[in-house]
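To find a chain, count down the sequence lines: A is the first, B the second, and so on, and within it residues start at 1. Keep in mind that this is a model prediction, so the values were computed, not measured. Just so you know, these numbers use all the heavy atoms, side chains as well, and skip hydrogens, waters and symmetry mates.
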Amino acid sequence: MTEPLVLRQRAARDVDDVGRQLTQAFLAVREAVLSGRRVVLVVQDRDLLGQGAAEDAAVANGLLGLMRAVAVEGTRPGWHVCAVAHTDPEPVSAAVMAFATSGAGPSGQLLRTSTVHLGRVVP
Amino acid sequence: VTAGVAVLTGAAGAFGRAIGSRLGRCGFVLVLVDRTPAVEDVASTLRSEGCAAQACVEDLTEPGAADRVAATAGALRESVMALVNNAGITRDGRLAALDEDAFTEVLEVNLLAPMRLSQAIRPLLGDGSAVVNMGSRAGLGNFGQANYVTSKSALVGFTRALALQLGPRSRVNAVAPGLVDTPMTRDMPADVLAKLVSRVPLARIGTPDDVAAAVEYLVTPASAYVTGQVLTVCGGRSLAR
């Protein structure tokens, strides 16, 4: 079994960096799923809600969209992509990452490990 | 007395024409932006209907274009009361066939250009102004559109963050159209289009004016207490099986 690709959102320096980060993610995710690797995208929950910099919100939500689009398309056995949302400085729990990378759950899911979304929009 | 300046991108397309017409009738002074010279005809038509409109031929993916559009709007010596980031493109393909150029081209037009233009226009926005970004129902996930879905989902994130940054002076929202009657959908095989329409709970394809009406709502005082939201205009398709 090949190792899953775990790709973490990083802080975007500017608008150009938003483009670079999403393009690099697309290329990495495409290569991974086409070669049978599972994919986990790790994003900041507060950026999904837009609570930080606009550039970071674009990256986080772009990665979420990429994950969903790839999941919609995936029909091959083993084609598994999901996202984990957490909020720094809390680390993603080992149990959640183990589940996300195992491919056990359905593809195309957003797993949340923080509570910042409660009472707010759920992206 | 006008409603202020409205900057509208993608003004020569199907959505842009419908939005321009509605905003012109609302009394906005329109700066109609498009990369095709056809936008000159759109402006001319609107002027003949009594609207204040000027064309601005710019490709917003080019360096400096956002600043040039802002300068054009600023020269009108009225506050910008509406910015509608409407321009968008598709370059569809299954993941295996989707190359880097197709990904970045869509990202540049649908996401990075609106981000840059919003930054450039920001100092010109008046008190009570509104920004509307054109998202898509497909931003929730769609087959063969990894580039488009990424760009539209990212644009929603940008919308939320900008809403938190620009309040209380300005409101920022997004419209997310579903299946709409445009030249692109008219090119679809009839059976494919019929199948798509059959999945729409309201049992019809949308019109550009359906989308324009949502934009009008979001840039006028009717939505004075609405910001950071996505108004999905899809006939209920985002809920249906």
Side chain, backbone, both or neither: which part of [X] has a non-hydrogen atom closer than 4.5 Å to chain B?
X: A:Val15; value: both
X: A:Leu27; value: side chain
X: A:Val33; value: side chain

*Between A:Leu66 and B:Val149, does a side-chain contact (heavy atoms from CB on, under 4.5 Å) hold up when you go through it step by step?*
CA-CA 6 Å; A:Leu66 175 63; B:Val149 173; over 6 Å; no
_What residues of residues 160-174 of chain B make heavy-atom contacts with chain A at a cutoff under 4.5 angstrom?_
B:Arg160, B:Ala161, B:Leu164, B:Gln165
*Do any of residues 215-232 of chain B have a heavy atom less than 4.5 Å from a heavy atom of chain A, and if so, which, in residue order?*
B:Gln229
_Evaluate B:Arg116 against A:Asp16 for side-chain contact (heavy atoms from CB on, under 4.5 Å), listing each step before the verdict._
CA-CA 10 Å; B:Arg116 292 191 187 102; A:Asp16 289 341; 2.6 Å; yes
*Minimum heavy-atom separation for A:Leu22 to B:Ala154, with atom names?*
CD1-CB, 4.3 Å
*What are the two closest heavy atoms between A:Ala69 and B:Ala146, and how far apart are they?*
CB-CA, 3.7 Å
*asked:* Among A:Asn61, A:Val29, A:Thr23, which residue has the highest count of heavy-atom pairs closer than 4.5 Å to chain B?
replied: A:Asn61
*Please check if atom CD in A:Glu31 has more than 12 non-hydrogen atoms from other residues, nucleotides or ligands closer than 6.0 Å.*
no
*So how far is it from A:Phe26 CZ to B:Thr150 OG1, rounded to the nearest 0.5 Å?*
8.0 Å
_Most contacts with chain A, counted as non-hydrogen pairs under 4.5 angstrom, among B:Ala96, B:Gly139, B:Ser151_ = B:Ala96
_Residues from residues 95-111 of chain A approaching chain B under 4.5 Å (heavy atoms)_ = none
_Only heavy atoms, only distances under 4.5 angstrom. Which residues in residues 42-60 of chain A are near chain B?_
A:Leu48, A:Leu49, A:Gly50, A:Gln51, A:Gly52, A:Ala53, A:Ala54, A:Glu55, A:Ala57, A:Ala58
*asked:* If I measure from the heavy atoms of chain A, does B:Leu98 come under 4.5 Å with its side chain, its backbone, both, or neither?
replied: both
*Where on B:Leu95 is there a heavy atom nearer than 4.5 Å to chain A: the side chain, the backbone, both, or neither?*
both
